[in-house]
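In what follows, a structure is listed as structure tokens, so that the remarks can point back to it.
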Amino acid sequence: MAKHLAPKPKHELNFIKKNPKRESGQRTPAPERKAFKLPAFLTRSRDGGRSLPGLGRHPLVFAGIAGVLLIVLHFLPLEGWMVPAAYAVPVILAAIEHIVNAMEEIRAGRFLNDALITVAAALLLFAAALFNEAVLLLVLTTLVSHFEKRLSERGDAEQARMAEILPRYAVRVTETGTERVDPETVVPGDILQVAAGERIPLDGVVIEGITTIDTAAVSGQRSPWAVNTGYKVYSGCRNLTSDIRIRVSRPYDRSTVKKIVHIAETAPDFDSEQEVLAARFRRYYTPAVALLALVIGVAVPAFRGSWLSWLSRAAVLLILGRTAADAFAIPLIYRRALSLASGMGVFIKGKDCLEAMARTETVIFDKTGTITEGRYAVTDAFPVKMSEKQLLTIAAAAESFSRHPIAAAIREAAGNPDERMVKAVKIKEVPGRGVSAFVGKRQVYVGNAAHLEEHGIRCNIPSRPGTAIHVAVDEHYCGYLLVTDKVRRRAFDALETLRVNGIKKLVLLSGDVISVARPIASRLNFDMLRAELRPEEKVKAVDYLMKNKGQRSAIAFVGEGENSGRIMTGADVGVAMGSLGSDQALISGDVMIMDRDIFKVPKIFGLSRAAYRVATENFALGTGVSALLVLLSALGVLSPLAAVIVDFILSAGLLANTLRIK
Ligand code: ADP
Ligand code: MG
């Protein structure tokens, strides 16, 4: 029974970083209104078309027919009352789409909506005997909203892809065979069977079988991974070649797939500043223009007569005010950027993070695991009064439980643990320093010089440059090991690309000795280096930079999720590399780069900048051009036909501009 109670997670996943803006709850869900029923033939069918029997289900069909009718009517010799009667047909056909949309919006509580304004403007144009304009307005608007829908569907497709990778079942191995179970009921320690071609439902370790897995959905990497027994595998990846068995290591709620799907789903809920700005603009602009339209359409002609010309001016104003109402496609822009990012295995916690990245001028790197591979190797040993083997064995014993990459290197260099070897107890790890432990009855210290000197042990000065890990037993100095880590192959190019993308200052922080950090910093053209820092000193260094930055500029911190989580939260944007399988990264990062491809750092900053630039352009162009058009048409300079067409070009252009984000 107790077996089925999933162990309580050590820490509740807090996906949302403490951020005052978010805590004040900017999201205000649309208030629930009492619904009234639309006639059945006007309601939307599931595929977004309409269930009007016989007449096709696609909104463009009506618009197309209306367009053709318009041309046909042009050549017919109509006179008198027959003209409005004939033109009423295409107007009604083309208006159906908008009427349905308007009713749906009203049902959702948005009364002054796009579609309603469009219909009203078309009616005014019709009343002013501008039949061509009325039809054209409705048809062109249908085209634009169709285009917009297609664009936003791409974002939805990405979300759908995310939902797709959530497992629906898991195949648990029991004593008598296998059973299909709900993934939520699987607990760590359970053995699962994953057939070739299926997705891995929960995170675990392979205990049987050799296969290749496709990690694209979670890491963005195209090339499959080869895995063998003992390898970690992550939920959401597809098992490609042969059946395997895995031992589950995390409950479903903490599984990789669950976490990234959660992030991908909630990210679009957060508004970027530009969206807020555009929404605010729209809140005043659209009603103001509508009011102006009312004045011009009703009040002015009451005094000056010539109703028709003033009516058409009012209609044009309505049309122009409406363009602002879709907020210049800005929400679309950020959603597109988010989905492009998740397509390459980068998950961003919100559109505001994306915007902060666009404003970033300083990027701080935590050396290990970002600039370097984070995989140390012991390259040399300098024992004092003992053999190399003894030095390594003692050090490895003390490091037996450390998760630091240096500890892993030492354990590996020491080889397989000897059966007779004494186990280490009372292990204490000091971040940025090293470990202390009792091996048998003997007190062992392993770490950097500062670590040993804190315990009154003097260390030899290493004869060669490199990261020296000193070892002492019972207050006696026993020598040191040299460990090295490799700079990532594409680190230089990645950093240069970051500069091209507008990053002005690159800072390197490291806990490593200056003799190792400095050559790396100068080779890669860092502007600032701080080395030999303990983790809390790294936090202070980030704070210092945060206090001394320009008001509009932001600072990003790129670290390896597992080690630099706490430091990351101090910066405006925390970018966690190698997040796959790391709880810590998913908690403290704002941007999760699932694999360890350093090139994704400049890519994602480039993406955020492109989104920001396009949003700025759309906002400026949208407000500027439509304000100008409003002025011109209120003065009667712009003919209704020109207004309809210019407005169409503007809306379509703003939408097309979003495609420039790549
Ligand atoms: P960074 O991630 O910048 O390399 P860390 O804070 O992880 O810095 O480590 C800084 C230094 O502390 C290491 O270079 C090493 O000398 C020492 N150190 C930290 N943890 C250990 C450990 N488990 N074993 C040995 N040395 C360690
Ligand atoms: Mg580290």
Side-chain angles (χ1 to χ4, degrees), residues 364-381 391-392 394-414 424 427-437 439 444-455 457 459-462 465-472 478-488 507-521 526 528-542 557-568 576-578 582 584-585 596:
I364 308 171
F365 281 87
D366 193 10
K367 189 198 79 181
T368 306
T370 62
I371 293 298
T372 66
E373 287 178 354
R375 271 194 299 248
Y376 281 89
V378 177
T379 53
D380 237 328
L391 181 66
L392 274 170
I394 291 173
E399 295 273 23
S400 36
F401 295 105
S402 169
R403 295 178 63 179
H404 200 279
I406 290 178
I410 294 175
R411 286 194 301 260
E412 181 164 340
I427 300 177
K428 253 193 273 165
E429 178 148 12
V430 189
R433 289 276 152 106
V435 294
S436 68
V439 178
V444 177
Y445 295 106
V446 183
N448 53 20
H451 182 53
L452 271 72
E453 264 150 30
E454 230 162 56
H455 296 94
I457 302 155
C459 301
N460 286 358
I461 293 171
T467 309
I469 304 300
H470 301 271
V471 182
C478 299
Y480 61 92
L481 303 165
L482 278 184
V483 295
T484 56
D485 189 6
K486 274 202 264 329
V487 171
R488 283 186 197 279
V507 180
L508 184 64
L509 300 185
S510 178
D512 214 337
V513 287
I514 190 95
S515 65
V516 170
R518 178 134 50 209
I520 295 177
F526 272 94
M528 184 178 157
L529 163 70
R530 298 266 277 126
E532 301 186 17
L533 296 179
R534 275 174 294 145
E536 61 272 23
E537 292 171 321
K538 288 183 185 170
V539 173
K540 278 201 200 119
V542 173
F557 183 94
V558 184
E560 198 216 16
E562 203 58 48
N563 288 313
S564 25
R566 199 162 55 88
I567 313 164
M568 192 172 289
M577 275 181 63
S582 159
Q584 191 55 47
R596 292 165 183 278

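Position 1 is the first residue of the sequence; numbering continues from there. Quantities reported herein were computed from a predicted structural model and do not represent experimental measurements. Remember, it's 1-based here, ligands and their atoms both numbered in the order they're listed.
- Between Y445 and H455, the ring-plane angle classifies as parallel under the 30° and 60° cut-offs.
- Judged by the shortest distance from any of its heavy atoms, R433 lies inside the 4.0 Å radius around the atoms of ligand 1.
- In R534, neither the side chain nor the backbone holds a heavy atom less than 4.0 Å from any atom of ligand 1.
- Residue contact annotation: P431 has no non-hydrogen atom under 4.0 Å from ligand 1.
- Those atoms of ligand 1 that come under 4.0 Å of a heavy atom in I469, given as number and element, are 15 (C), 16 (O), 25 (C), 26 (N).
- Near N448, meaning under 4.0 Å from one of its heavy atoms, ligand 1 places the atoms 11 (C), 12 (O), 16 (O), 17 (C).
- Between S402 and ligand 1, at least one pair of N/O atoms sits closer than 3.5 Å.
- The closest approach between H451 and ligand 1 stays at or above 4.0 Å for every heavy atom of the residue.
- The environment of E412 atom CD is sparse: at most 12 non-hydrogen atoms of other residues, nucleotides or ligands sit within 6.0 angstrom.
- No donor-acceptor distance shorter than 3.5 angstrom exists from the side chain of R518 to the backbone of L529, with no hydrogens or angles considered.
- I520 CD1 to S510 OG: the interatomic distance, rounded to the nearest 0.5 Å, is 7.5 Å.
- The proximity of V513 to ligand 1, defined as any non-hydrogen pair under 4.0 Å, does not occur for either the backbone or the side chain.
- Residue-ligand proximity, G447 to ligand 1, at heavy-atom distances under 4.0 Å covers atoms 25 (C), 26 (N).
- Less than 4.0 angstrom separates some heavy atom of D366 from each of these atoms of ligand 1: 3 (O).
- Side chain of E454 to main chain of H451: no donor-acceptor pair is present (N/O by atom type, distance under 3.5 Å, no hydrogens or angles).
- Short contacts between ligand 1 and S510, defined as distances under 4.0 Å to a heavy atom of the residue, involve ligand atoms 3 (O).
- Expressed to the nearest 0.5 Å, how far CG of D380 lies from CG of L482 amounts to 5.5 Å.
- Any N or O atom pair closer than 3.5 Å counts here, and A468 shares no such pair with ligand 1.
- Taking 4.0 Å as the cut-off between side-chain N and carboxylate O, E560 and R596 count as a salt-bridged pair.
- From N448, atom CG reaches atom CD1 of I469 across 6.5 Å, with rounding to the nearest 0.5 Å.
- When K367, E429, E532 are ranked by how near their heavy atoms come to atom 23 (N) of ligand 1, first place goes to E429.
- Close approach to T368 involves these atoms of ligand 1, each under 4.0 Å from a residue heavy atom: 1 (P), 2 (O), 3 (O), 4 (O).
- Comment: K540 does not engage E537 in a salt bridge, judged by the lack of any side-chain N to carboxylate O separation of less than 4.0 angstrom.
- At under 3.5 Å, a nitrogen or oxygen of G432, whether backbone or side chain, sits near a nitrogen or oxygen of ligand 1.
- Selection from H470, H404, E399, R403 by nearest heavy atom to atom 9 (O) of ligand 1 gives H404.
- Atom CG of L509 is separated from atom CZ of R530 by 8.0 Å, given to the nearest 0.5 angstrom.
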